[in-house]
Each structure stands twice: as structure tokens, then as C-alpha cells.
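Proteins come first, then strands; the chains are lettered A, B, ... in the order of their sequence lines, and each starts at number 1. Since we're looking at a predicted model, the values are computed, not measured.
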Amino acid sequence: MSAQSLLWIPILVPLAVAVFVLPFFRKSPRAGAMLGLGAVVAAGLAFWTAAPWAPGVDIPWVEGFTLAFSLTGWKTFLLGFVFLFQLLAMVYTLGATRRIARPYLHLFALLVAFASTYTVILTDSLLVLVVGWELFLVALYLLIHSGGVQAEAAAHKALVIGGTSDFLMLLGLMLFSQVSQGGGMTAGVGTASGPMAFWAFVLIFMGAGAKAGMFPFHTWIPDAARVMPASGFAALPASLEKVLGIYFLFIVTQQMFVLDAAAKTVLFLFGIATVFVTIVPALVEKDLRKILALTAISPVGFMVCGLGVSEAAGAAGAVLYMLTHAAYKSTMFFATGNFEEKAGGSGLERLLGIARSMPWSGAAFFLAFLAAISLPPTGGFLAKELILEGALHGGHIVVLALLVVGAVLNVAVFAKVIAVLWAPGGGGRGEAPGACVLAPLAMGIVAVLGGFLFSRADGLISRVAGAHEAGLTGNVWHFSILTVVSLGIYAAGFMIYAAARSGRPSAAEAFAPLASSPVLGPVLGMAEAKKFDGYEIGIRVVDAVTRVVFLYCERMVDVIGNGVISIGRFLLRPLLGGAHNGLYGNYLCWALAGFLVVLFLLFGSAV
Amino acid sequence: MLLWVLLGLLVLLTVGACVFRDLLYVAVSLALVSAVLAGILFHYGANIAGVFELSVCAGLITVLFVSTVGMTKDSDQGDETRMGRGFIPLVLLVFIGLDVLILRWLGSALPSIVPGAGSGSFQNVFWNLRSADILGQVVLILAGVFGISALFRLKVKEKKHE
Amino acid sequence: MESQALMVILVPLLGSLLIPLAGWAGLRKATGPMAVLLIGCSHLLTWPLLGPALAGRTGESSIPLYRWIEFSTNIDALAVFMAFTASLIATLIAVYSLGYIEHTEHEPEYYFIVTLFVGAMMGLVFSRNLIFLYMFWEISALACWRLIGYFRDPEYVWKADKAFLITFGGAVFMLLGFALIFTQYGTFDISELRGKEIGTAALVLVMAGIFSKSATVPLHTWLPDAGVAPSTITSLLHAAILVKIGLYAFARLFCNGMVIAPEAQTWLLVLALLSAFVSASAALHETNIKRLLAYSTVSQIGYTFLGLMVFTHFGYIGALLYIMAHGFAKGGLFLCAGIIEHGTHTKDMTKMGGLFRKMPVTGVSYLICALSIAGIPPMAGFFSKYFVINGLVEGGRIAIATLAILTAVVTLLYMLKSFRMVFLGESRGEAHGEGSPVMVGVVAVLAVLTLASGFLLQLPYDLVKVADGQRLVNIVSLLWR
Amino acid sequence: MESYIGWILLVPPIAVLLMPWASRLGGWAANTLAIVAAGLPLVFTLRLIPALGGGLTYELFGAHFALDSVSLLFLVVVNAVAFACMVYATSYVAHLGGRGKFFALLLIMVFGLNAMLLTRDLFSLYLFLEVASIASYVLVAFGLEQDGIESAVKYLLLSAVATSLVLVGILLVYMTAGTLEFAALGAALAGTGGPVPGLLLLAAALFIAGFGLKAAVMPFHAWLPDAHPSAPAPISAMLSGVVIKVAGIYALVRIFFGILPEIGEVRTVFLILGTLSMIAGAVLAYFQSDFKRMLAYSSISQIGYILIGLGLGNLLGLVGALFHVFNHALFKSLLFLNSGAVQYRLGTRDIEQMGGLETRMPVTGATSVFGTLSIAGVPPFNGFWSKLFIIMGALAAGQTAIATLAILVSLFTLGYFLIIQRKVFFGHLNEKWRDIREAPAAMSLAVILLAAACLLTGVFFHSVTRGIVEPAAVILMGGN
């Protein structure tokens with residue numbers, strides 16, 4: 001088997017297994033999960049085997065959709081992580097099939113999502129990337145459905161938001177294709193080169209950002225988080241989707257376009273907004289799943305800002321943050337899945353002290369926590385330092401300041417979570433099944449060791465991020481002003497939490513006064529009621545507009561048509577009917593008049 | 001002399017047509033009226049006119065017949081003919097007026113009536129020039145016969161019902 | 001090649017006459033298989049045409065009849081593509097009918113008209129003379145009249161009449177347009193009209209016909225009303241034949257033939273866009289499943305028109321692929337609706353729900369087809385929509401492309417909404433299980449075709465590309481002239 | 001070959017003479033005689049088509065008859081429809097009684113029409129017209145119902161007005177030319193290029209009004225919607241299908257395309273009257289709820305089309321008009337026979353009381369669809385082609401407005417015929433008519449024949465137009 005043909009395996013094998021599993025393993029999901037595990041392993045083995053040759057294929061298909069796939073060092077690095085997520089998600093699923101309402105659908109969707117992840121990362125063609133991406137979206141839709149009937153609304157929302165943003169991005173890609181005259185992923189079009197280029201950038205950025213969960217396309221994530229099986233959420237929205245989104249944003253901002261100040265401003269605006277729109281509600285949130293979901297969104301803001309600073313450090317930081325976040329967030333979700341299985345819910349009140357009774361899951365969660373608040377030497381530390389460094393070097397001081405505030409709040413949120421989980425008390429011991437413990441533990445270790453791993457791959461990261469020489473990650477370890485800032489972040493975060501905690505009966509009640517504060521309180525309440533949800537607003541607007549169009553344009557066609565007919569009937573019937581009254585003399589008069597008219601016509605010109 | 005006889009016959013038959021109650025007699029007398037009229041025309045040498053008179057009148061008589069039969073039925077008609085009766089004289093008046101106007105205009109417009117084309121003896125005109133019309137007249141009479149008999153089925157029908 | 005095309009036309013057209021004879025002869029049971037056989041034969045006969053068409057060969061034949069009226073055919077990639085797609089879908093629908101239409105009162109008439117309908121479509125596709133184009137056009141209209149009123153309720157028949165009157169009305173005006181073209185150029189032969197600029201009056205008249213047939217706002221209201229027909233028929237109308245006729249005629253007359261003034265082109269594009277949006281809006285607020293699907297067709301037709309009307313490479317390719325993709329998907333959706341209606345005895349979606357558990361195959365098929373219509377890959381609908389909108393961008397119509405994208409969002413909304421209302425949630429009202437195996441099988445085949453035509457898009461794409469090449473040859477030869 | 005002309009003329013009257021004896025023998029004998037007497041002229045006419053060439057003349061008892069393409073076209077129409085009606089009548093007449101008389105009168109009517117077409121003399125034309133008319137007055141009243149007799153009287157009285165107008169017209173022509181023979185008249189009256197004499201203009205007006213009355217052209221139409229519906233169905237079919245065309249259109253065609261010199265205004269009059277009839281007939285038909293009355297109004301509308309075709313003054317228009325004469329005869333008689341079948345079984349003509357009859361009367365239902373589609377001009381039925389030629393002719397003559405109106409009216413036509421379809425045939429069966437049966441075999445056979453003719457004429461329109469319509473039009477245009 002040639003290295004080229006090996007490239008197809010990660011895409012085709014999971015797909016094939018998925019199609020096979022759906023109809024035939026409805027009754028035995030564990031066996032199906034084993035099969036899925038096999039597919040994941042096969043896919044991993046295939047790209048791992050092929051990696052040394054750096055193979056590439058380029059098969060002309062339909063115009064624009066060239067089947068161009070290649071495996072470079074950087075992609076191998078990325079795929080290594082992707083493989084890890086997939087493997088552990090599958091392992092966890094194996095242990096958690098009983099918790100899932102529709103396990104067969106879950107397996108199917110996971111495998112399709114895996115195949116599409118490989119497609120997106122392996123391809124060199126923008127349009128094939130989009131196709132893979134949309135396939136991922138469909139998989140996500142089905143995956144949310146695996147949560148059962150109550151998950152349907154969230155699935156709907158996810159697909160609508162995803163589809164909308166993808167349509168916008170497609171339009172952007174078309175414009176891009178016009179601007180760059182068919183240039184591919186590495187065209188490097190200046191956003192300053194004209195309005196079309198700028199709008200192409202904005203549209204593509206929106207699409208890619210939406211995939212990563214950027215404001216204002218993020219609102220489906222908390223909804224989905226509440227109803228999805230933990231394994232599913234950990235695998236797709238929390239990890240793989242972020243990977244794909246940021247991966248593509250990276251390509252957009254670093255390779256496809258050369259950003260000007262306006263484009264950067266757009267990036268910062270959306271990035272900062274993403275951070276604060278989610279981290280503040282996370283403070284007062286009382287449901288662990290929602291907290292995790294909200295804190296899965298705010299890092300995207302960091303990453304977007306990192307990509308926006310146009311410094312090699314920022315870009316590298318964004319990519320590393322993406323990977324670390326994926327690792328720790330999926331860990332947390334795996335662990336949370338275990339917790340809530342025992343506690344019977346994910347409300348913070350229920351989970352008080354649960355980690356004490358589930359030591360392994362708790363340990364995994366704690367490892368992830370270390371990465372989440374960016375303590376050294378985790379990958380999170382490395383990533384956040386790089387982004388801040390980029391912002392500092394790029395001279396974006398305001399952005400830097402706001403990011404720091406965001407980071408402080410982030411620490412505060414997680415401090416609260418940890419305090420809740422390890423609160424005194426708690427029931428007896430009872431750990432989750434082995435597979436369900438293995439996955440978070442392994443993932444947690446990866447999250448913590450991230451910094452170490454990334455430093456090893458420094459040369460690659462630096463090259464990809466555009467630095468002229470290696471050593472990008474190494475610089476972080478030197479003491480600098482940013483070190484001070486980092487220490488400040490931890491300190492401020494814990495202090496804020498401590499202040500909020502004092503005087504409250506339980507850790508879950510921390511920050512509760514925020515919800516009743518004069519301005520912020522009502523705003524948060526409205527946010528909770530989805531008053532600011534872009535989806536809800538959009539749906540309402542679309543609904544109103546289309547209703548008006550339907551009633552006053554579409555239905556009017558028939559009304560007017562019928563009206564014309566009945567008016568015609570109303571006018572003509574008495575007129576013509578009355579003239580035909582059956583009277584002989586009347587008819588004779590008609591004939592006489594006709595004769596006179598004919599006479600007149602014939603003689604009219606002669607006279 | 002012949003002329004006087006013919007004129008006398010004409011008057012007699014016309015009166016007869018008005019007097020007879022039986023429609024068949026009316027028909028016969030009217031047919032004879034037209035035949036006599038044709039004879040008078042031939043007498044004056046207007047052969048073509050005579051032939052036409054024969055043809056047209058045979059048709060018109062039948063027309064009259066059918067209408068008579070029709071009229072005998074519609075005694076109980078509603079307002080339809082009542083109003084119609086009011087109209088007919090009016091229309092007729094207009095027609096007559098038009099007729100007068102047209103004839104007066106014709107008198108001045110016609111320099112001379114084309115002469116000669118229709119000349120010849122009655123036999124010649126009747127059998128040679130207008131032979132197609134004979135066929136027509138024969139069938140016309142047939143039509144009249146069948147028409148009347150068809151419309152008089154009515155009585156047969158009604159009798160059967162009784 | 002010419003005689004082959006003639007067979008494609010004549011087999012269903014003349015063969016259909018045998019069906020009522022069989023019905024009178026007491027062979028009611030045989031009429032269904034006969035129709036399937038005839039339509040299937042017609043489809044199989046298009047297979048040998050694919051090779052030459054892919055190789056770019058074209059053929060023409062002509063039988064002069066009276067003065068400028070001649071029965072002439074034109075075989076090129078466009079025609080073969082249309083004939084192949086339409087007859088394929090029609091064959092599947094005919095098979096489905098075997099399960100769906102039995103035990104109804106006028107079975108022989110149904111199969112007779114359906115076969116005639118397919119024959120008319122084949123005739124229209126290969127016709128080169130405008131008069132014959134019109135003739136087949138009207139045969140399809142009258143077939144559609146009988147079929148929409150098939151269930152014979154007074155209201156249904158009224159709607160059948162409405163459909164007939166609107167399409168006939170549009171078509172006679174189109175005929176007047178043809179006559180105007182004739183007075184200007186002295187020919188009804190499409191190939192001789194190539195490159196001739198069409199006057200405004202003639203254009204308006206011809207477009208009235210095309211728009212009324214292809215149900216474009218504001219001449220579209222008959223199409224949702226036609227939802228009272230048996231599902232197989234609505235499927236046939238929407239997917240395979242009726243509404244595609246206008247699209248095909250536009251492609252034949254204006255993309256490969258006469259030239260439209262640029263201002264007129266802008267107006268047409270705006271109309272098509274308006275049609276797409278207005279009907280998508282209507283679909284979003286419709287709760288009758290068949291009416292919803294019908295509005296969706298109107299909307300998709302608008303897209304296809306956009307692709308055709310922009311006269312660009314991508315636009316044309318996209319539009320033709322759209323015809324195919326929409327055909328498979330919408331055919332499947334209507335047949336799903338047929339199964340659902342059979343199972344629940346209602347068309348009102350608010351009375352459905354939770355049907356997925358009872359009819360999983362139908363549900364999956366519905367989802368696949370719905371996503372294809374909504375433009376989600378890897379279904380074929382995505383590619384065609386992409387190409388169409390890319391064609392708009394290619395032609396510099398960026399504002400229209402943007403609005404078209406926004407309309408696509410609405411499409412996604414109503415498609416998902418319908419899926420959710422019908423199949424998801426708690427079940428409301430009683431419902432039986434799946435339909436008969438034949439019906440479910442056909443639906444599944446259409447879903448697989450929808451999916452496969454996305455994965456294997458290259459096969460239709462090659463043919464369509466040849467068609468586009470022939471279109472370009474026409475344009476180039478025009479410039480050269 | 002020429003002798004066929006004689007047979008065409010003589011067979012019906014001979015049969016009329018034999019009819020009393022035949023009816024005495026029994027219904028079957030009368031039926032046979034009638035069908036043979038109606039069939040033979042058709043056979044002869046069809047045999048004459050290939051032999052016609054430039055024209056044929058024939059002398060019968062010293063009377064001169066002649067046949068050219070124009071006559072031939074109308075002969076085909078008359079005898080074809082007459083044959084179908086006769087076949088139909090053999091069953092239909094059963095409930096009227098007076099079988100032999102009915103056949104005799106019908107045959108007399110056929111004779112009158114045939115002779116009208118074959119004669120070459122203006123006065124004879126008038127005379128034979130009277131023959132046919134008298135037969136039709138009686139036949140309209142043949143049912144002896146109140147409305148039949150009443151409308152027969154109305155018909156008769158308005159026809160009397162018509163014949164008197166025509167007679168004055170003939171008189172004027174005779175005064176001017178001194179002859180009534182067509183060819184001689186044409187030669188005598190041939191225009192010298194100067195203005196047409198006022199006398200002839202007056203004659204033209206009289207002819208238009210007189211024959212217009214016969215043809216039921218708006219505003220001379222009023223008798224028709226009464227007379228045609230109340231007649232027995234085969235007679236309605238003959239009247240609408242044939243009589244108004246031979247008595248009206250044929251006479252107009254003969255007079256204005258051959259005898260009188262060309263008068264430009266006549267074309268305008270034709271166009272105006274034609275358009276008026278076309279529109280008003282259609283609109284009036286739309287409001288009817290009486291099956292046959294709707295058909296009658298639609299005849300007025302279709303006559304309008306024919307008149308427009310004649311008024312256009314180009315070959316295309318003439319081809320269209322003549323072809324439409326041919327087609328209208330086929331589909332209108334078909335529809336009248338259908339309506340007769342319905343009335344025969346149901347005893348009513350009110351379409352509001354019917355519904356879903358095609359399930360019980362499949363042949364009637366199916367053939368009525370053929371008729372509907374033909375008259376609306378839906379291809380591939382015959383009505384489409386003739387309307388197409390008329391519209392093309394209108395455009396060629398620059399009459400875009402008339403072409404547009406013609407298109408609109410054809411939409412309207414479809415509209416009201418769909419009302420008939422919807423309320424009578426297409427739909428759920430009205431429970432009242434649960435036990436209705438299909439019309440008797442002879443009636444079904446007749447409508448099947450006509451329906452097949454409609455379809456075949458449509459599909460093989462080129463044979464008909466090339467074979468018999470275009471030669472006629474060429475003659476009328478003044479060629480050979």
C-alpha cells in the first residue's frame with residue numbers, strides 16, 4: 001500500500017464503520033463501540049505510518065473541488081492530538097453507553113465526525129475543507145440528537161447556526177476566489193486591497209469563528225452542553241470543533257489574507273466580546289455543565305485575539321491554546337459525566353464534594369483545572385503567555401488589558417468550581433467504570449504535559465506560526481513583565497473568588513449577589529432568558545419578515561387574482577346577461593343596429 | 001282577358017287564404033296565389049321575376065306555415081312575447097323607413113337597369129336557365145310536407161296520451 | 001442517435017395509448033406494470049445516448065410537415081442530461097405508484113396519463129421546433145390537469161383547473177411570443193434562432209410561459225394548490241417533469257439560443273430571487289407538509305433560474321446539477337410525504353410528531369433529502385447551490401448572491417422545521433408503521449441517489465460540463481459571426 | 001368522377017322520397033336508409049378529394065353544378081358531421097318519435113347544404129339556403145317542447161329578416177351585373193381600380209348583415225343561443241357545426257372572395273365583428289349554467305375566430321379560418337352530441353345538477369375531454385393548429401392587438417369548458433345519478449368517431465392543411 005492510498009484510510013474507514021454500525025448494532029452498542037475504537041485506531045495507524053513520507057494526492061474532481069490531500073509535519077502534529085481526542089472519546093463512550101439515550105446514533109455521529117475531521121485537516125482544497133466541515137456539522141446535529149427527545153431543540157439550533165454561518169462563509173469563499181483569482185489556501189490577499197477582499201475576509205472569519213464557537217454564533221453551545229451525552233460534548237463541541245475552527249481561522253488570518261488594521265479591529269472586537277459575554281455569566285451560573293460550556297467559549301476569544309495580533313507568538317499561542325483547551329475541557333466533561341451519573345444531575349448544589357467520593361475522576365478534573373487556569377508548566381500557561389506576548393509586541397495594549405481581566409475572571413470561575421467539587425462532606429465512594437476513568441485521566445495528563453510537549457515541538461510550531469527562527473515557546477520560560485502579569489492573574493482570580501465566597505453558606509453560592517446587582521443583575525437575567533441570544537433574535541426577525549412576506553406578498557397573489565375575477569363577473573354578468581333577455585324585438589334591434597354599423601363602416605370612407 | 005281572369009283568381013285565393021280555417025287549405029291557396037302572381041308577371045314579360053316569385057314564395061309560404069303552427073302553440077307565453085309585440089311594429093316602421101330611403105336613393109343611383117340578360121320565353125327561362133331552382137323547389141315542397149307532418153305529430157301524440 | 005432519441009419519445013407517448021385499452025379490456029391489474037415498463041424502457045433507451053453525449057456529439061433530425069412547422073429533434077448533452085434525469089426519477093415514481101395507487105378508482109387513467117406525461121417531457125426535451133416544444137408543453141399541462149384532480153373532490157378539481165388555466169394561460173402567451181419571434185426572424189427552429197436578440201415584448205411573453213410553468217412568483221400559486229394530487233403526482237410534477245420544463249426551456253431558448261438584453265437580464269434575476277425568497281418565506285409558515293414542499297420547490301426553482309439567468313460557466317453548470325439534485329431530493333420528499341400521509345391520514349404537520357420511531361427508513365430518507373435541498377454537503381444539493389451562487393459571483397452579481405445566501409438560510413430553517421415537526425418530538429395522533437416495501441424501497445433509493453449524486457458528482461458533472469461547452473460554442477460562434 | 005357530384009346531390013332527396021315506405025317497414029329500415037343516405041355522400045366526397053385537380057363541373061338535368069377546393073372543404077365538413085349526427089340520431093330519435101320524418105328533414109337539410117355548396121348561381125344559393133333553413137326550423141321544434149317551438153319561431157323570424165336582406169342584396173347585384181352566375185358576376189363586377197359603386201357597397205352591407213345573421217355573428221347572433229340548445233342534440237350539432245358555417249361563412253366567402261370586387265372596408269368589418277363575437281361569445285358562455293347554451297355561445301365565439309381569419313386578408317389567415325371551419329365542425333358537433341347524451345340520460349341540461357358523470361358514462365366523458373381540449377386550442381388537438389394559423393396571420397397582418405385578444409379568449413374558452421368538465425364529468429359522482437348508464441351504442445359510436453377525427457386531424461394536421469385547406473385558401477386569394 002502506497003503512502004498516498006494510506007491517506008484515504010482515516011477518512012473512509014470511520015465512514016464505512018459508521019454506515020455499518022448504524023443499522024446493525026442498534027441492540028449491542030458496546031460491540032459497536034469496540035468496532036468504532038478499531039476504526040479510530042486504524043485511522044491513527046494509517047496516518048502515522050504515512051507521515052514519514054509526507055504524502056500528497058491531487059485528484060481532479062469537480063471544478064474547484066480538487067481532491068487534494070497532503071500530510072505535512074504540522075498536520076501530523078495536529079492529527080496526533082486529534083487522534084488522541086478521538087481515541088479517548090471512543091474509550092469513554094465504550095464505558096458510558098448505558099448513559100446515552102441513543103448510543104447507536106452517538107457512535108455513528110462520532111465516527112462520521114472523526115472522518116470529517118481528518119478530511120478537513122488533510123485537505124489542501126478550500127472547498128473540500130468546507131465539505132468536510134459541513135459533514136462534521138451534520139454529524140454534530142446527529143450527535144446532539146443522541147441525547148434523546150429533549151436534545152432535539154438544541155440540535156436544531158446547532159444546525160441552524162452552523163449552517164447559516166457556513167453559508168456566509170461560502171459566500172466569502174466565493175468572493176475570495178474572485179479576489180484571488182482562484183488562489184488557494186496560501187493566496188495571501190491583502191484585506192486592504194478593496195471592499196470585496198475585506199468583506200470576503202469578514203464573511204470567512206465569521207464562518208470559521210462560528211465553528212470555533214465565537215460570539216455571536218456561540219449560543220447553541222450552552223444549550224447543547226445541557227442535553228448532550230458528556231462523551232459527545234467532550235468529543236465535538238469542546239474539542240474537535242474548536243480544533244477545526246481555530247485551525248481554519250489560523251489559515252484564514254495567517255495564510256489566506258494579510259490583515260490590515262480594520263480587519264484586525266474586527267478580530268479584536270469579536271474576540272473580546274466572546275470572552276466577556278461568556279465569562280461573566282459563568283461566574284453566577286449554578287450548573288456545572290453550563291459553566292464548562294461557557295468557559296469553552298471564552299477561550300475562543302483569547303485565540304481570536306491571539307490570531308489578530310499578527311505576531312508569530314500570538315498565532316502560535318492561539319494554536320497551542322486551542323489544543324490545550326481541547327484537552328482540558330474534554331477532560332472536565334468526561335469527569336463531569338462521571339460526577340453527574342452518580343449525583344443524578346449537574347447542578348452545583350448536587351455536586352458539592354463529589355470529587356471526594358470519586359477520587360480518580362476528581363484527580364483528572366484537577367489536572368484539567370491546572371491547565372485551565374494556565375498554571376505553569378501546563379500547555380495553558382504556554383499558550384496564554386504567547387498570546388499576551390503577541391499582544392504586547394504588537395502594541396495592542398488595550399487588548400492585552402482586557403484579556404488579562406478575562407483571564408482573572410476565568411481563574412475565579414474555576415476556583416469556584418474546584419471549591420464546589422471538593423467541598424467538605426459528600427457521600428460514599430463509588431467510582432465510574434474503568435473506561436470512563438481512564439479517558440479523563442489520560443486526557444488530563446496530556447493537558448498538564450502540554451507545555452512540555454509543545455516545547456519539544458518548538459521548531460515546528462515556530463515555523464508554522466511564521467517565526468523566522470525556532471525558540472518561540474522557549475522564550476516564555478524566561479522571566480519578563482508578563483511573568484509578573486501571570487502571577488497577578490492567579491492572585492487576583494483567587495482573591496476575587498475568596499471575596500465572593502466569604503459570608504456564603506456554600507461555594508456554589510459564590511458570586512450569587514452579582515445576579516441581583518443593580519445593572520449587571522437584570523442584564524444577566526435577560527441573558528439567561530435568551531434575550532440576547534443572536535439565534536433567538538435572528539429567528540424572531542426572520543419569522544416576522546417572512547410572515548409579512550407570506551401574508552402580504554404571497555397570499556395576496558391569490559386574493560388579487562380572485563378579486564379581479566369576481567369583479568369582472570360582477571360587472572359583466574348583469575351587462576351582458578341583461579342584454580340577452582330572450583325578447584325577439586330586442587334581438588331585432590340588435591340586428592338592425594348591427595346593419596347600420598356595417599353600413600356606416602362601409603360607407604364611412606366612401607363618404 | 002287572361003289577365004283579368006288571373007287577377008280575379010288572385011283576389012279570390014287571397015281572400016280564401018284569410019278565410020279558411022284548415023291550414024292545409026290556406027297553404028294550397030297561398031301557393032296558388034304565388035303561382036297566379038307568377039303568371040301575371042310572365043304575362044308582362046318579366047320572366048325572370050316570375051320564376052323568382054315562384055321560388056321565393058314557395059319558400060316563404062312554408063315559412064309562414066311553420067310559424068303558424070308555432071304560433072298556435074304559444075298562447076300561454078309569458079311576458080317575453082308581450083314585450084316583443086310592442087317592439088315588432090317599431091322595428092317594422094324603422095325598416096319601412098329605411099326601405100323608402102334606400103329606394104329613393106336607388107332611383108337616382110341607378111342609371112338604367114341592365115337589359116336583356118333575362119329575356120326569353122317562360123319555358124326557356126324556367127327549364128333551361130333556372131333548372132337548378134326546380135330541384136330546389138321540389139325539395140322545398142318536400143321540406144314543407146315533411147315539416148308540417150312532423151309538427152302535426154303533436155296531435156297524434158296528444159291523442160295517444162288520451 | 002436520432003432514431004434512438006425518437007424511440008425515447010415515442011415509446012411512452014404511443015405506448016401510453018395501450019394502457020386505457022388494457023383498462024377497457026379488463027386488465028386493470030396490468031396497467032401499472034405496463035406503465036412502469038414503458039417509462040422504464042424510455043429511461044433505458046437514454047443510456048446509449050449518454051456515451052455520444054459525453055463525447056460531445058450532437059445530432060439533429062427533421063421531418064417537414066407544413067410550411068415552417070417541422071418535427072425536428074436536437075440531441076445534445078443538455079437534452080440527454082434532462083431526458084436521463086427526468087426519466088430516471090419518473091421510473092422510480094412509477095414503481096412507487098404500484099404500491100400507492102392501487103385500490104383507487106381510476107387506476108388505468110392514472111397510468112395512462114402518467115406515461116403520456118413522461119412521453120411529453122421526452123418530446124419536449126428533444127424538440128428543436130418551437131411549435132413542437134409548445135405542443136409537448138401543453139400535453140404535459142393537460143396531463144397535469146387530469147392528475148391533480150385525480151381524487152375528484154370538488155375542491156381538488158377546482159385546483160386542477162386552476163393549475164391548467166395558469167399554465168395554459170402562460171403557455172399561450174408564450175406561443176404569442178414565439179409567433180412574434182417568427183414574424184421577426186421567420187423561423188421556429190431553435191438552432192436557427194441562435195444568437196438572435198429577442199425583443200422585449202417577445203421576451204416578456206415567453207417568460208410568462210416559462211414562469212407560469214416553472215411556478216415562479218407571482219404565477220406560482222397553482223403549485224402549492226396542486227398538493228391535493230396523489231403524492232406520486234406531486235412528486236412527478238415537482239421532481240421530474242412539470243416545473244423542470246420551464247427551466248429546460250429557458251436553458252434551451254436563452255442559454256443556448258436567443259440573446260437577452262442586459263437590462264432584461266437584471267430584471268429576470270431580480271424576479272427569480274424574489275420568487276426564491278417569497279416562496280421560502282411562505283414555506284416557513286406553512287403547516288401542510290405538501291404545501292410546504294411545494295413552496296420549497298418554487299424557491300428552488302428560483303435558484304435554478306438564478307443559475308441559468310446569469311449566463312456564466314458556474315451558473316449554468318450549477319443550474320443543471322440543481323435540476324438533477326432537486327429532482328432526486330424533492331422526488332424523495334414527496335414520496336416520503338406520501339408514506340406519511342398514508343400512515344397518519346393527515347397532511348397537517350401540527351398533528352404529526354415522533355414518527356421517526358415508527359418509520360425510521362422514511363425518516364432517514366426525509367432527512368437526507370431535506371438536507372440536500374437545504375444545501376448541506378455531501379448531498380448533491382450543496383454542490384449545485386454552491387455552483388449557482390458562485391456563478392452569480394462570477395457574473396459580478398454580488399448583491400444577488402448575498403441575498404440568495406440569506407434565502408438559503410431560510411431554506412435550512414423550514415426544512416429542519418418540517419423534519420422536526422414530523423419526525424421528532426413526542427408523537428401526536430395515531431400513526432401506522434412504514435408504508436409498503438415497494439414504497440419505502442423507492443424512497444430509500446431516492447435518498448441513496450441524493451447522497452450518491454453528491455459523492456459521485458463527477459459523473460453528472462462531466463455531462464453537464466459538456467453541455468456547458470456546447471453552450472459556449474454557441475456563444476463563441478455567435479461572436480465570430 | 002364528375003357523376004359523384006350528382007350522387008352527392010341526389011342521394012339524400014331520393015332517400016327522403018323512400019323514407020315513408022322505409023319507416024313503414026320498421027325502425028331498422030329507416031335507420032339503414034338514413035345512414036346509407038348520409039354515408040354515401042361522405043364516401044363520394046372523400047373519393048373526390050384526390051380527383052379534384054383544378055375543379056370539376058357537372059350538369060344535372062340541365063342545371064350546372066361545379067366543385068372547387070372551397071366547396072370541397074365545406075362538403076367534407078357537411079357530410080362528415082351529417083354522417084356522425086345521423087348515426088347518433090338513429091338512437092337519439094327514439095324518445096322523440098317520428099323517426100322517418102326526422103330523418104327525412106335531416107336529409108333535406110343535408111341536401112340543401114350540399115346543393116348550396118355545389119351551385120354556381122347566387123339565386124340558387126339563396127334558394128338552397130332556404131331549403132336547409134326550413135328543414136332546420138322544423139327540426140329545432142321537432143321535440144315539440146315549449147321552448148323548442150318558441151325558439152324555432154324566433155329563429156325563423158330572424159332568419160326571415162336575414163333572407164329578405166340577402167334577397168335585396170341579390171337584387172342589387174342583379175341590377176348591376178345582369179347575371180347571377182358566379183364566374184360571370186365576377187367578371188362583370190371586377191373592379192376597374194376606381195371606387196366601388198355605392199350600389200355594390202349597399203349590397204355588401206346587406207350580405208354581411210344577412211349572412212351574418214345566418215352565421216350568428218355578433219350582433220346578429222341573438223337567435224342562436226335560443227335555437228341551438230333547444231333543438232334535439234343531433235340538430236344542435238348540425239346547426240352549430242355545419243349550418244351556421246355553410247349558410248353564413250361559406251356564403252360570405254363566396255361573395256366577398258370572388259364575386260364582389262375587393263372592398264377594403266369589408267375586411268375591417270370582418271375584423272371588428274369577428275373580434276366582437278369572439279370576445280362576447282366567450283364572456284357570455286362563461287356565465288351559463290345550461291350545458292347546451294354554453295356550447296351555443298361558444299359557437300359565436302368560434303365564429304368570431306373564423307371571421308377574423310377571413311378579415312386578415314393574408315393566406316395564413318384564410319388557411320386558419322377555413323381550417324377552423326373544418327375543426328369547429330368536428331369538435332362543436334362532438335360537444336353537442338355529448339351534451340345530448342347527457343340530456344338523453346339525465347333529462348336535464350343544468351350543469352349544476354350533474355357531477356362526476358364520467359364514472360357512469362366513460363365514453364361521453366372521455367370524448368368530451370377531447371372536445372374541450374380541441375376547442376380551447378390545446379395541442380395536439382385540431383383546434384390548436386387553426387387558431388395558431390389565425391394568430392400567426394394576425395401577426396403577419398400587423399394586428400397584434402387582435403392576436404393578443406385571440407390568445408386571451410382561447411384562455412377564456414378553456415376556462416368555461418373546464419367549468420363544464422368540473423361540474424359535469426370530472427369529480428365525484430352525484431348520488432342522484434347513481435344508476436345512470438352510458439348512452440346507447442350508436443350515440444357512443446358517433447362521438448367516438450368525431451373525437452377520433454379531432455385527434456387525428458390534430459396529429460396529422462399537415463395532411464389536412466396541405467390536402468384540402470390550403471388549395472381552398474389559394475383559390476380564395478385569387479390564385480389557382
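No part of C:Leu219 comes within reach of chain A, as not one of its non-hydrogen atoms sits under 4.5 angstrom from that chain. With a 4.5 Å cut-off on non-hydrogen atoms, A:Val548 does not touch chain C at all. Only the side chain of C:Leu284 comes within contact range of chain A, with heavy atoms under 4.5 Å apart. In this structure, chain C has a heavy atom under 4.5 Å from the side chain of A:Met196, while its backbone stays farther away. Interface remark: C:Lys385 contributes no atoms to any contact with chain A (heavy atom separation under 4.5 Å). Heavy atoms of A:Ala155 lying under 4.5 Å from chain C are absent altogether. Proximity to chain A (any heavy atom under 4.5 Å) is restricted, for C:Phe382, to the side chain, taken from C-beta onward. Of the two parts of C:Asp225, only the side chain, counted from C-beta on, holds a non-hydrogen atom closer than 4.5 Å to a non-hydrogen atom of chain A. Proximity to chain C (any heavy atom under 4.5 Å) is shown, for A:Leu203, by neither the backbone nor the side chain. Interface remark: A:Pro23 contributes no atoms to any contact with chain C (heavy atom separation under 4.5 Å).
For residues 273-281 of chain C, a heavy-atom distance under 4.5 Å to chain A picks out C:Phe277, C:Val278, C:Ser281, given by residue number.
Here the CD1-CD distance, from A:Ile59 to C:Gln458, works out to 9.5 Å after rounding to the nearest 0.5 Å. In this structure, the separation between CD on A:Glu63 and CD1 on C:Ile317 is 5.5 Å, given to the nearest 0.5 Å.
For the options A:Val149, A:Leu137, A:Val131, heavy-atom pairs under 4.5 Å to chain C are most numerous at A:Val131.
Inter-residue side-chain proximity for A:Phe167 and C:Leu406 is flagged as unmet; no heavy-atom pair is nearer than 4.5 Å. You'll find the side chain of A:Phe550 reaches within 4.5 Å of the side chain of C:Tyr295, heavy atoms only.
Remark: side-chain polar atoms of C:His220 are not paired, donor with acceptor, to backbone N or O of A:Glu554 under 3.5 angstrom.
Remark: aromatic rings of C:Phe455 and A:Trp61 are distant, center separation not under 6.0 Å.
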Given side chain to side chain contact (heavy atoms under 4.5 Å, CB included), test A:Thr546 with C:Leu413 step by step and report yes or no. CA-CA 12 Å; A:Thr546 53; C:Leu413 279 177; over 6 Å; no

